[in-house]
Amino acid sequence: MGDTLAKILTVDDDADISESLRCLLEELGHEVRTACDGNDGLRLLRQELADLVILDVEMPQLTGPEMAHRMIIEDSGKEDIPVLLSSGIVGLDDVAARVGTPYFLAKPVDVDELLALVERALREKIPPSPDLEGPRS
Amino acid sequence: MDTGPERHGGPADPRAKAPRARRAVSVRGLAVGSLVAFGAIALGVIAWHIWSATQLQRSMSTVITETHSLEVIDELQLTLLMFQRLSNLALVTGEAALSDTTEELGSRMERLLAEAGEDTDSAEEQRFLGDIEDGVSAYLRERERLEASGLVMEQVVQRTRPAFDAVVADLEALRQMNAEEVEEAAAEARWAGRLAIGVGLGALALLVLASVVVAFGVSRYLLRPLLALHDAIARLRAGEAEARVDAGGLRETAELNEGFNELADALMHQREAQLTFLAGVAHDLRNPLSALKLGMRSLGQQHTEGGRERTRTLLDRQMDRLARMVDDLLDAARIESGHLELRPETIDVRDAVADVVRLYAPTSADHQIETDMPPQPVLIEGDALRIEQVVSNLLSNAIKFSPGGGRIEVTVGWEEEDAVLSVADQGLGMERDELRDIFRPFRRRKPESAPGAGLGLSVVHRIVSAHGGTIDVESTPGVGSTFHVRLPRSGAAKETSWVRTMRSEPHGGHVGQDPHRG
């Protein structure tokens, strides 16, 4: 696929999702870290920024949209990171619109679409621009 | 829908309703009342008519009797007159045949007097009749005596005139009395007849009025609500889920309507719950399917055997997850429709726990699964597969709902007659209102927390109940949860009860302060 080496963070409370994403993306040459919820993801980003965050929506303690919101508020570089929302919820497109990211994909994922979306996000680097009132679920 | 046995911290059963307002007027009451009223009216009218018929009959009988009396008296008068005329004639002509006839007439008068005596009913009449009899006897004797003494006819007549006139006068008086009685009785009969017609018409009018009232009442308070209900049912059948009826009117129809509304509500809720459940199930299937697809792609790209091995393990795990979800789904469907077959045998709970824990231990690096089991066997009569399913579901829940890792303690022991199994986690915990619904099928936890179809616990509850056991849960949000399962012990093992300390303080897990090692 001709990707440049990138730092990707996957955030999902389902460890197997993160694991399978990691396997796939590492084989393509990316550097992948995994987090099991929003707080964990923020912590990792504070340690080191990433080029892309692949984010689940429904997670305990801090949801995906909430984490995206925090990324913007806390900035220090996090506000520029593109976010890819991937979830099985109904109305994912609405959630993505509220978060303000053009990158989203329903679960179960179509692997080719996922890879294409990852490549696009890494290329375009469009960060989320959410509603002013902040995200809801 | 099912509710769990004991729920800690749950409020009263949410389906307990406020008592319905009792209405005073019931269909049964009205029906009975109407029947009683109609019956009373009918009985009253019949009784009245019997009485009035009796009156009429009595009047008629009086009329007949008195008329007969009148006839007798008339004949008496006639006979007396004839007797006098013939006696006079006999006296003048001296014909023997005539005296025979006069004797006959005399006898006839006696007979008539006797007949008249049978008919009289009042003391006064009796007295009169007595006087008349005496008078007639006196007159006949006097006549005989005078005739025998050889007086001429004119003299005999003249001498017997007072006696004769007295009898005639008395007869006339008696006749008058009888005639008056006849008139009286006839008047009574006429009046009774008119009254009977009046009452009859009145009863008819009352009946018509009552029928109108009843017809109106039935139409308005029975037929109309029934038709409304019929209509609502038709609408519900046609798919209009909001079809309801106004509760109102008589008690039974109101209850009928309320019952229908409740059923329709329950139907709607059940449908919603099932849709929510299906959506939840679909949602939960997506993660393992996604991981499966990603893993399959990775498998094709991995360069190292170690990498491939890891990926294969991942794929296996997803398929197990899917398989278990599908099993739970099928189980729930089977159980909810009432088919749960158990193959009971004597099993050791410790074995079931050990097997399941062995299966789960490698699945999560973040959790430490510890067991605490006694050295003696803990025997129950149960279906080994189903008991393992219970342990497995509880364990997988514990893992799922403590995403931050932590210790999960599985404790086995016994208390008196029961074998006890506990699974305690140090995870998210649950609020009181979640605890209330936790064993119901089709219940999911809030989307913000770890998603789950919520099937496992309902299945667990069903299996535990089928074994004659109970399950309950204690939980503190943010601290953890503990599930306790009690199952009746196998009859064979009746040692002195050995109460093992349970890890069941008010909150699920222990953070640091743990006197017993797990």
Side-chain angles (χ1 to χ4, degrees), chain A residues 1 3 10-30 32 34-41 43 54 56-67 86-92 95 105-116 118 135-137, chain B residues 275-276 279-304 306-322 363-367 399-405 427-429 444-452 478:
Chain A
M1 283 220 164
D3 293 328
T10 72
V11 188
D12 199 311
D13 60 326
D14 187 327
D16 288 334
I17 294 284
S18 291
E19 174 73 16
S20 55
L21 278 170
R22 191 166 62 75
C23 283
L24 190 62
L25 296 171
E26 272 182 354
E27 288 300 320
L28 296 172
H30 301 297
V32 181
T34 69
C36 63
D37 73 23
N39 288 322
D40 202 26
R43 185 175 56 80
I54 302 180
D56 186 19
V57 170
E58 291 177 345
M59 289 187 288
Q61 300 182 5
L62 198 68
T63 67
E66 282 170 358
M67 180 184 159
S86 178
S87 167
I89 61 165
V90 174
L92 179 60
V95 173
L105 191 63
K107 285 179 186 168
V109 296
D110 181 302
V111 183
D112 292 321
E113 269 186 53
L114 175 73
L115 294 176
V118 166
R136 265 173 291 283
S137 170
Chain B
L275 287 174
T276 312
V281 165
H283 179 278
D284 294 343
L285 292 175
R286 286 168 179 177
N287 268 358
L289 280 174
S290 219
L292 205 52
K293 289 171 100 169
L294 292 164
M296 287 297 290
R297 183 65 69 94
S298 309
L299 199 59
Q301 289 169 347
Q302 243 135 14
H303 306 306
T304 67
R308 281 194 290 271
E309 189 56 39
R310 243 195 2 256
T311 308
R312 277 196 286 269
T313 311
L314 179 98
L315 293 174
D316 276 338
R317 201 159 54 237
Q318 303 322 299
M319 289 189 282
D320 285 341
R321 284 168 76 183
L322 287 170
T363 61
S364 176
D366 297 324
H367 298 90
I399 292 174
K400 194 182 346 177
F401 290 115
S402 43
L428 302 172
R444 296 190 61 228
R445 298 194 48 182
K446 299 192 297 285
E448 287 76 56
S449 51

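Quick note on labels: first sequence line is chain A, next is B, and so on, each numbered from 1.
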(message) Tell me which of these, A:Ser86, A:Ala15, A:Cys23, A:Ala106, has more heavy-atom pairs under 4.5 Å with chain B than the rest.
(response) A:Cys23
(request) Would you indicate whether the side-chain heavy atoms of B:Gln301 and A:Leu24 approach each other to under 4.5 Å? (result) yes
(request) Sort A:Leu114 into side chain, backbone, both or neither according to what part of it lies under 4.5 angstrom from a heavy atom of chain B. (result) side chain
(request) Would you mind reporting whether A:Asp16 and B:Asn287 have side-chain heavy atoms less than 4.5 Å apart? (result) no
(message) Using a strict threshold of under 4.0 Å (side-chain N to carboxylate O), is an ion pair present between B:Arg297 and A:Asp112?
(response) yes
(message) Looking at every heavy atom in both B:Leu314 and A:Glu19, which two are closest together, and how far apart are they?
(response) CD1-CG, 3.3 Å
(message) How close do A:Ile17 and B:Ser290 get, counting heavy atoms only, and between which atoms?
(response) CD1-CB, 3.7 Å
(message) In the structure I gave you, are the side-chain heavy atoms of A:Val111 and B:Met296 within less than 4.5 Å of one another anywhere?
(response) no
(message) Quick check: closest heavy atoms across A:Glu27 and B:Gln302, and the distance to 0.1 Å?
(response) OE2-CG, 3.4 Å
(request) Check whether B:Gln318 gets within reach of chain A through its side chain, its backbone, both or neither, counting any heavy atom under 4.5 Å. (result) side chain
